[in-house]
There are 2 protein chains.
Amino acid sequence: MDGGVKKTGVTSSEVAKRAGVSQSAVSRTFTPGASISPTMRAKVMAAARELGYRPNALARSLITNRSRIIAVVMAYLENLFYPDVLEELGRLLVRENYRLLLFTGSLDRDSDPVFDQLMQYRVDGIILASTSLSSELSEECAAAGIPVVLFNRTTERDAVSSVTAHNLEGGRLVAEFLLAGGHERFGYISGIESSSTNRDRLAGYREALARAGHADIVIGTGNYERAGAEAAAREILSRPDRPDALFVANDHMAVAVMDVARYEFGLSIPDDLSIVGYDDVGPARWSAYDITTMSQPLERMVETTVELLMEQIASGRIVAEHRILRGELMVRSSARLPASGIVEADGRRIYRPPQS
Amino acid sequence: MDGGVKKTGVTSSEVAKRAGVSQSAVSRTFTPGASISPTMRAKVMAAARELGYRPNALARSLITNRSRIIAVVMAYLENLFYPDVLEELGRLLVRENYRLLLFTGSLDRDSDPVFDQLMQYRVDGIILASTSLSSELSEECAAAGIPVVLFNRTTERDAVSSVTAHNLEGGRLVAEFLLAGGHERFGYISGIESSSTNRDRLAGYREALARAGHADIVIGTGNYERAGAEAAAREILSRPDRPDALFVANDHMAVAVMDVARYEFGLSIPDDLSIVGYDDVGPARWSAYDITTMSQPLERMVETTVELLMEQIASGRIVAEHRILRGELMVRSSARLPASGIVEADGRRIYRPPQS
DNA sequence: CTGAAAGCGCTTACAG
DNA sequence: CTGAAAGCGCTTACAG
């Protein structure tokens with residue numbers, strides 16, 4: 001096996017010979033900023049073109065100690081939020097002249113092999129979307145000088161940065177919106193319970209509801225999965241004291257909850273039940289769902305993630321920074337409307353609570 | 001800029017010194033199949049663990065002339081079919097001990113920079129999903145000994161393999177199903193018109209309809225995009241001779257078409273209009289849509305893609321192979337049912353035309 | 001089984 | 001500006 005021999009590419013020495021110059025000259029031609037005369041460069045370029053030469057990035061990395069590769073670890077790709085993030089990451093990283101090494105799945109446990117591979121390729125930075133990092137692994141990254149940024153999760157660990165929406169505020173705003181809409185029995189369908197994102201959304205929601213005298217809320221666990229959300233919805237909607245307002249921890253689950261409410265329980269949304277989601281992902285805008293939801297500023301979040309990474313790579317100093325970005329409560333038709341507080345802004349309707 | 005100095009990782013020489021053995025011994029310890037005694041291996045492993053050593057994959061690649069990196073070029077990530085493919089690809093490639101270098105976007109034109117990067121990293125293989133390859137680029141890959149597999153597209157080019165569903169048969173089957181359902185005015189909403197996938201689906205559909213005496217069909221162009229599909233649907237549904245059956249080139253567009261039909265035209269599906277999609281992607285199974293659709297055997301397609309690649313990498317011989325896999329017509333509620341031909345198979349309903 | 005040595009394809013001081 | 005040379009961290013004949 002492995003009987004095949006991959007033809008080795010054209011090398012700088014071959015180009016040098018063809019052009020009648022030194023190998024160093026070839027290298028300089030392809031190193032931005034290196035000192036080389038226009039004549040020499042032209043000669044080299046001509047030979048390179050004839051031979052179809054392309055510098056070997058692996059050999060270059062070996063000596064520069066920079067791979068220009070960023071590892072991205074991402075799970076939950078069936079939630080369209082993440083493919084959107086991935087596409088935007090791809091766009092920005094390529095613009096910064098970095099490559100994207102993708103690992104699907106989570107880094108939560110038993111994923112030492114993934115981590116191993118990622119370290120073997122000497123990646124210049126790591127982006128972890130929808131997952132966190134054990135303290136051993138994060139220390140190892142810090143020791144190796146590799147910056148890590150969590151996307152849509154946060155952590156207290158040293159040396160691990162994060163970019164999230166203001167989930168606490170988001171949860172609060174959802175509660176205020178539902179309270180203003182005159183709802184009385186509140187429910188919540190959670191994501192992964194231990195995830196920072198879920199914790200913060202729930203904490204904000206709880207806090208604002210408690211302040212208004214609603215200490216009791218019905219909670220189901222959806223684990224950010226469609227099947228989990230369906231099961232949780234069935235359980236909650238079967239209760240005699242069925243909520244009239246349901247905050248679902250993300251849109252991916254909210255879609256499933258709406259399907260169950262309408263097609264299994266025959267409920268009318270928002271007349272019988274109001275639903276609010278989180279993310280403002282594609283399907284939230286589809287007419288069949290038209291979900292009222294807290295938006296996550298995806299473009300800005302991705303931009304910030306790449307910025308943090310680039311800064312730390314350039315400076316060589318790894319300091320945990322936590323960036324929290326605000327979203328808007330996008331008002332659509334899946335939840336009963338409050339009498340006031342709805343503002344139109346360039347074609348979108350958003351909620352701004354009167355007193356704040 | 002670039003003021004930072006990334007700490008260089010632990011090297012095999014450092015481990016060798018610590019263990020009191022030669023550097024070769026360290027290398028052998030981490031090379032599967034290399035000849036090394038258990039004692040030596042144990043000594044090396046101990047030292048390696050103490051120092052946190054991990055072989056540098058870049059240095060290894062330089063000498064083995066194998067990067068163990070597969071480039072994946074993928075566009076249309078907002079169509080859930082592709083994230084699903086990506087997740088499956090990630091799973092299989094990791095199992096084969098390959099890494100996945102992701103390039104988002106298409107390779108159709110002006111993407112020489114993407115191609116350049118991919119070649120600079122000396123990838124061992126290339127998977128192009130939802131895009132094709134110019135003849136110059138495909139020749140260059142062949143010359144460099146790099147196997148290329150198109151996923152969900154095909155081409156006549158030498159040295160480029162492909163894996164697709166049997167789109168021609170799929171198109172035919174959709175037509176037969178709709179004919180058997182008693183429909184009379186047929187429409188089609190196309191994807192990218194020049195894509196092989198779209199061409200074949202349409203050809204099969206046309207052929208079977210023509211055979212039944214329906215030479216005229218209304219065609220709109222959706223370009224595999226949601227907005228395009230909406231516009232095409234509006235145009236087609238506004239016609240006085242509005243079709244009563246619409247084949248939409250993929251589910252991603254079919255969802256959009258259903259939204260327009262129901263919420264803009266007030267049509268009832270399937271009473272006023274039957275819709276059939278392609279792919280059998282997640283949303284096709286959501287209750288709000290419940291789309292009758294030709295499935296693409298995603299797992300088998302991905303498996304085949306990886307197999308083709310592994311074979312060609314191992315043998316070193318690049319020969320264009322074209323694998324065509326059959327799907328099923330999944331019967332749900334978005335299209336009127338024929339009187340016969342519907343079969344139940346492990347909980348799913350599929351269409352098997354009576355005579356075939 | 002083990003080690004010394006050559007070499008993969010580059011970058012980058014160092015001299016000129 | 002240019003070239004000769006060292007060296008990045010490995011693998012792999014070659015001898016023993």
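First the proteins, then the strands, lettered A, B, ... as listed; each starts at 1.
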A:Glu321 backbone acceptor or donor facing A:Ser161 side chain under 3.5 Å: yes
For A:Ile192, does its backbone N or O pair with a side-chain atom of A:Ser195 as donor and acceptor, under 3.5 Å? yes
When you get a sec, tell me which of [options] is the closest nucleotide to the side chain of [X]?
| X | options | value |
| --- | --- | --- |
| B:Val21 | C:dG3, D:dG9, C:dA5 | C:dG3 |
| B:Ile63 | D:dG3, C:dC10, C:dC8 | C:dC8 |
| A:Ser27 | C:dC10, D:dT11, C:dG3 | C:dC10 |
| B:Ser24 | C:dA5, C:dT12, D:dG3 | C:dA5 |

Got a sec? Which of residues 29-46 of chain B come in under 4.0 Å of DNA chain C, heavy atoms? B:Ser35, B:Ile36, B:Ser37, B:Met40
Do the side-chain N or O atoms of [X] get closer than 4.0 angstrom to the phosphate oxygens (OP1, OP2) of [N]?
| X | N | result |
| --- | --- | --- |
| A:Ser22 | D:dG3 | yes |
| A:Ser12 | C:dC10 | yes |
| B:Tyr121 | C:dG9 | no |

Closest approach of [X] and [Y], non-hydrogen atoms and distance?
| X | Y | value |
| --- | --- | --- |
| B:Ile146 | B:Ile126 | CG2-CG1, 3.9 Å |
| B:Met74 | B:Leu77 | CG-CD1, 3.6 Å |
| A:Leu309 | A:Ile127 | CD2-CG1, 3.5 Å |

Find the distance [X]:[atom1] to [N]:[atom2] and express it as a whole number of Å.
| X | N | atom1 | atom2 | result |
| --- | --- | --- | --- | --- |
| B:Leu62 | C:dA6 | CG | P | 18 Å |
| B:Asn56 | D:dT11 | CG | C1' | 13 Å |
| A:Gln120 | D:dT11 | CD | C1' | 15 Å |
| B:Gln23 | C:dA4 | CD | P | 10 Å |
| B:Arg122 | C:dG9 | CZ | P | 9 Å |
| B:Arg68 | D:dC10 | CZ | C1' | 16 Å |
| A:Arg66 | C:dT11 | CZ | C1' | 14 Å |
| A:Arg60 | D:dG7 | CZ | C1' | 17 Å |

Counting only Watson-Crick or G-U wobble pairs whose two distances fall under 3.5 Å, which nucleotide matches C:dC1? D:dG16
Indicate, yes or no, whether a donor-acceptor pair under 3.5 Å links the base of C:dG3 to the side chain of B:Arg28. yes
Residues A:Glu303, A:Arg300: salt bridge by 4.0 Å N-O rule: no
May I ask you to decide if the ring planes of A:Phe151 and A:Phe81 are parallel, tilted or perpendicular, using 30° and 60° as cut-offs? tilted
What residues form a ring pair (Phe, Tyr, Trp, His ring centres under 6.0 Å) with B:Phe30, not counting sequence neighbours? B:Tyr53
Using a heavy-atom cut-off of under 4.0 Å over every strand shown, decide if B:Val10 touches base, sugar-phosphate, or nothing. sugar-phosphate
